[in-house]
Amino acid sequence: VQLQAFGGGLVQAGDSLRLSCAASGFTLDYYTIGWFRQAPGKEREGVSCIHGGNGSPHYADSVKGRFTISSDNVKNTVYLQMNSLKPEDTAVYYCGALEGRIGVLCLSPRKWEHGYWGQGTQVTVSS
């Protein structure tokens, strides 16, 4: 199982970014893919997650209405479209894969003890 996250960058408040999480070694249909972020001095927090087998998306309250998660099972890639970015969205963003479905619990980092992780991608939003 390998995950590669990319698409981060330096943007201004109000701008948009799309993060990609390219998966290899497994198919999305049987896994939950989650986006998490970690800002300096803070704990990792769940941002959004979805099960690749037509699962419902889940979002942290802080990003609802601004971020959209989607999966392309042909490309085996999960995207996180981030609109109306705010300085508080600044963090390293990670994608993870967890076999099975856990519903909205996928937003809890504690449920990812047995998950797979890719390297992070830095998102910096200037005010």
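Because the structure is a prediction, the values reported are computed rather than measured.
- Under the salt bridge (charged side-chain N to carboxylate O under 4.0 Å, His left out) criterion, the residue pairs touching residues 49-65 are D61-K64, with sequence neighbours excluded.
- Within the structure, ring-ring contact (aromatic ring centres under 6.0 Å, His included) pairs that include any residue of residues 51-105 do not occur (at least two apart or interchain).
- Not counting sequence neighbours, Y30 has no partner by the ring pair (Phe, Tyr, Trp, His ring centres under 6.0 Å) test.
- Note that CG of L98 and CD1 of I102 are 5.0 Å apart. Values are rounded to the nearest 0.5 Å.
- Sequence neighbours left out, the pairs with a member in residues 28-57 that pass disulfide bond (SG atoms under 2.5 Å apart) are C49-C106.
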Throw together a table of side-chain donor-acceptor distances under 3.5 angstrom for residues 6-19, partners on residues two or more places apart or in other chains.
residue	atom	partner	partner atom	Å
D15	OD2	Q12	N	3.1
S16	OG	N83	OD1	2.9

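- Residues satisfying the side-chain hydrogen bond (donor to acceptor under 3.5 Å, both in side chains) criterion with T32, sequence neighbours excluded, are absent altogether.
- Minimum heavy-atom separation, W112 to G34: CH2-N, 3.4 Å.
- In terms of hydrophobic clustering, with Ile, Leu, Val, Met, Phe, Trp and Tyr side chains grouped at heavy-atom distances under 4.5 Å, M82 and I50 are assigned to a common cluster.
- As a member of the Ile/Leu/Val/Met/Phe/Trp/Tyr network built from side-chain separations under 4.5 Å, V104 groups with L107.
- Pairs passing the side-chain hydrogen bond (donor to acceptor under 3.5 Å, both in side chains) check and including a residue from residues 116-127, sequence neighbours excluded, read Q122-T124.
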I'd like a table of donor-acceptor pairs (distance under 3.5 Å, sequence neighbours excluded) in which one partner is a side-chain atom from residues 20-28, with atom names and distances.
none

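- Residue pairs meeting the salt bridge (charged side-chain N to carboxylate O under 4.0 Å, His left out) criterion with at least one partner in residues 82-94, sequence neighbours excluded, are R37-D89, R66-D89.
- Residues in residues 109-127 take part in no salt bridge (charged side-chain N to carboxylate O under 4.0 Å, His left out) pair, two or more places apart or across chains.
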